[in-house]
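Note on naming: letters A, B, ... go to the chains in the order of the sequence lines (proteins, then strands), and numbering restarts at 1 for each one. When reading the values below, keep in mind they use all heavy atoms of this one structure, side chains included, and skip hydrogens, waters and symmetry mates.
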Amino acid sequence: MSVLPARLAAARDEVRAQPTHDDRTLALLGTALGVCFTVCFLTGLLSHIIQHPPGWFTWPARPAGLYRVTQGVHVATGLASVPLLLAKLWAAGPRLLDEPVVRSVAHGLERLSLVPLVGGSLFLVASGTANLSGWYPWPFSFPPAHYAAAWVTVGALVVHVAARASTTREALRRPDPARPASPSLSRRGFLGAVGAAAGLVTVVTVGQTVGPLRRLAALAPRRPDVGPQGLPVNKTARAAGIDPSAGDHRYRLEVAGRVATPLSLSLVDLRSMPQHAARLPIACVEGWSASATWEGVPVRDLLALAGAPADAEVTVRSLQQGGSYSSSELNHVQAADADTLLALTIGGEPLHRDHGFPVRLIGPNRPGVQQTKWVHRLEVR
Amino acid sequence: MTTPAEPPGGAGPGPGPTVLGGTPLFWAGLAVGWAIMAVGIRSALSERLARAPALARFVLGFAVVHDFVVLPAAVVLAVLTARLVPAVARVPVRLALALSWLLVLISWPAARRYGARPDNPTVLPVDVGRNLVILLAAIWLLAALDVARRVVGARRDRSPAAGV
Ligand code: HEM
């Protein structure tokens, strides 16, 4: 017995029988989407534990560009999955009206789990996309909300995959049934269009991190070559509340904590120490990145001068007051790396204020939010 | 029952639905999946987020708005294009509509410059709104060319001189 009006039920069945809405199409889209979400989840979790490292986790300093790649892949894969997700929801649409609404306890729980799957997936891509252009139209902080929603969505995805595994396997194994030519779209045409859409989305955004493609980045919120000294800025000195006189003759870099000799160094002191240059990317958590040549004093030279132990870990503090990114941590591997610098110059010029004048941290393989600017203190542990 | 709907992982072996339903694989997946969801819910309730009810409203809201607004609206568009657009042009028009909707969705915040900050010209340095209009124009131009190609193709098929 159908609770739907007969005409609606008939329309549902007619649409459901089209190749663009059948099991095979859903299986193919679902598989692609499953791969994309898995990639997003793993790269996202990685970004999370790099920023909130549990005791067992030491993020290496090499390869220097690894985080740039993993987070670039996160954002690119997330954006490319938008057309897949919309296509999947469209293709599965008629099944929303399947009857009976609940056939068994298992079926009911499966359908219930679709609510967090659909809502969570849409929330993840919507919040991620809004965050890319610095828009936060919600009353919570982006990373913890996106993080919690990721677990909920992936959990719901596991339920969905388990429920659909055998149907999917069968639909993928069965040879594509020959169908009478339909006046509307074939499966091949539909999936081809979805793939082309994913490609287009990638081409017009990925230039924010893949330099040679930057001219194609028509819809990207960033250009990796636009900014003072040819580099984008996430937080300006003014937004961080940095006093315009920061870096004048009163500036001191303090090195304190677990050291034999605490240091207090002026800019002149820092400039007279041996300088080391390194070409390193700024790799923003938001998926854009850009490389530059930085020069300054290796953190490990300062630690040696202060008589810090070999396994020293360091909290790097900014002149910025408050805010979750006003300090960052260097684990013992990062602190000991020759290219982890307190940079004084970019491309031979003193740092622009918005890049952290007088002194900023720049190290290999770190998210941009951990490349602390306007540094005034190293606390050694 | 009007449709032989897919059983979830073969809910109910044998003929006739059972009350419990589900294969062992389904129940294992349910246990693992809900445990993973619990990690997210616990994290949402921790003080790092502090606004769990608001997040829950957003996630639920997306599901509800999709199922009851976006999907019906898409169905209405599909019906309208079936009624108003001649069969020969229907596929390119529908694809162009879908692609336009997609590009508007992913670029909306940037095109409207919601995240722009007066002190930081490196955010949104390119005019995404203008680029979006150009891309949409290109898509509809391609769709128009495709329609023209199909019309010519259909004429040729019908004309007696076809194949000469
Ligand atoms: C359009 C799609 C997406 C975009 C643009 C996007 C963007 C981002 C960005 C910018 C971050 C960095 C947040 C930060 O550290 O400040 C992030 C983190 C993360 N993303 Fe996504 N994301 C998308 C989709 C997804 C999906 C589908 C998943 C999971 C299946 C996911 C899981 C995560 C996780 C777990 C994190 C770590 C959050 C944290 O650091 O606590 N994302 N994402």
Side-chain angles (χ1 to χ4, degrees), chain A residues 2 9 13 79 82-83 86 89-90 93 96 98-100 103-107 109-110 115-116 118-120 122-123 129-130 133-135 138-140 144-145 147-149 151-152 154-156 158-159 161-163 165-167 183 185 193 197 201 218-219 221 223 226-227 232-233 236 238-239, chain B residues 1-3 5-6 8-12 17-22 25-26 28-30 32-34 36-37 39-41 43-44 48-49 51 54-55 58-60 62-63 66-67 71 74 87 90-91 95 99 102 105-107 109-110 114-115 117 119-120 122-126 128 131-132 135:
Chain A
S2 173
D13 293 345
L79 287 171
V82 176
L86 297 180
L89 290 170
W90 170 249
L96 200 61
D98 273 353
E99 292 172 301
R103 215 166 37 232
S104 64
V105 177
H107 185 231
L109 293 175
E110 188 218 339
V115 178
V118 173
L122 290 169
F123 176 77
T129 307
S133 51
W135 183 43
W138 47 70
F140 33 74
Y147 177 80
W151 282 94
V152 169
V154 168
V158 168
V159 177
V161 169
S166 67
T167 321
L185 207 50
V201 167
L219 302 186
R223 279 279 297 266
V226 173
V233 168
T236 60
R238 174 202 280 248
Chain B
M1 195 152 112
T2 49
T3 327
E6 265 69 25
T18 62
V19 174
L20 190 60
L25 175 65
F26 170 74
L30 190 83
V32 173
W34 282 17
I36 295 173
M37 281 167 51
V39 175
I41 291 168
S43 157
R48 217 165 80 79
L49 179 64
R51 301 294 296 270
L55 175 58
F58 261 78
V59 170
L60 253 163
F62 269 105
H66 173 266
D67 286 1
L71 189 58
R90 210 167 285 150
V91 166
L95 288 181
L99 199 52
L102 169 72
L105 269 189
I106 64 150
S107 65
Y114 288 140
R117 275 163 279 164
D119 66 310
N120 189 354
T122 78
V123 179
L124 300 166
V126 295
V128 172
N131 290 350
L132 177 62
L135 275 169

Discussion item. Quick one: does any side-chain atom of B:Thr122 pair with a main-chain N or O of A:Val233 as donor and acceptor, under 3.5 Å?
Written reply: yes
Worksheet item: Parallel, tilted or perpendicular: which fits the ring planes of A:Phe123 and B:Phe62, with parallel below 30° and perpendicular above 60°?
Response: perpendicular
Worksheet item: Is there side-chain contact between A:Trp151 and B:Ser43, with heavy atoms separated by less than 4.5 Å?
Response: no
Worksheet item: How would you list, by chain and number, every residue that makes a side chain to side chain contact (heavy atoms under 4.5 Å, CB included) with A:Val161, sequence neighbours excluded?
Response: A:Leu157
Item to complete: Let me know if A:Ala193 has heavy atoms under 4.5 Å from chain B in its side chain, its backbone, both or neither.
Response: side chain
Discussion item. I need the residue from A:Thr129, A:Val158, A:Val154, A:Thr236 with the largest number of non-hydrogen atom pairs under 4.5 Å to chain B.
Written reply: A:Thr236
Worksheet entry | Considering all heavy atoms, the nearest A:Val226-B:Pro125 contact | CG1-CB, 3.6 Å
Worksheet item: Hey, which of A:Ser133, A:Pro116, A:Gly134, A:Pro232 has the most heavy atom pairs under 4.5 Å with chain B?
Response: A:Ser133
Fill in: Minimum side-chain heavy-atom gap A:Val82-B:Leu102 below 4.5 Å
yes
Discussion item. With a 4.5 angstrom heavy-atom cut-off, is it the side chain or the backbone of B:Val123 that approaches chain A, or both, or neither?
Written reply: both
Practice prompt. Go through B:Leu25, B:Leu135, B:Asp119 and name the one with the most non-hydrogen pairs under 4.5 angstrom from chain A.
Written response: B:Asp119
Practice prompt. Indicate yes or no: at least one non-hydrogen side-chain atom of B:Asp67 is less than 4.5 angstrom from one of A:Val115.
Written response: no
Fill in: Name of the residue among B:Ile36, B:Val32, B:Leu30 meeting side chain to side chain contact (heavy atoms under 4.5 Å, CB included) with A:Val159
B:Leu30
Practice prompt. Using non-hydrogen atoms and a 4.5 Å limit, figure out which bit of B:Leu60 sits close to chain A: side chain, backbone, both or neither.
Written response: side chain
Item to complete: For A:Trp90, enumerate each residue passing the ring-ring contact (aromatic ring centres under 6.0 Å, His included) test, keeping only those at least two apart in sequence or located in another chain.
Response: A:His21
Item to complete: Select one option (side chain, backbone, both, neither) describing which atoms of A:Leu96 are under 4.5 Å from chain B's heavy atoms.
Response: side chain
Discussion item. For B:Leu95, which atoms come within 4.5 Å of any heavy atom of chain A: side chain, backbone, both, or neither?
Written reply: side chain
Worksheet entry | chain B contact via A:Leu86 - side chain, backbone, both or neither, heavy atoms under 4.5 Å | side chain
Worksheet item: Are any of the side-chain heavy atoms of B:Phe58 and A:Pro139 separated by less than 4.5 Å?
Response: yes
Worksheet item: Could you state the interatomic distance from CG (A:Leu89) to NE2 (B:His66), rounded to the nearest 0.5 Å?
Response: 4.0 Å
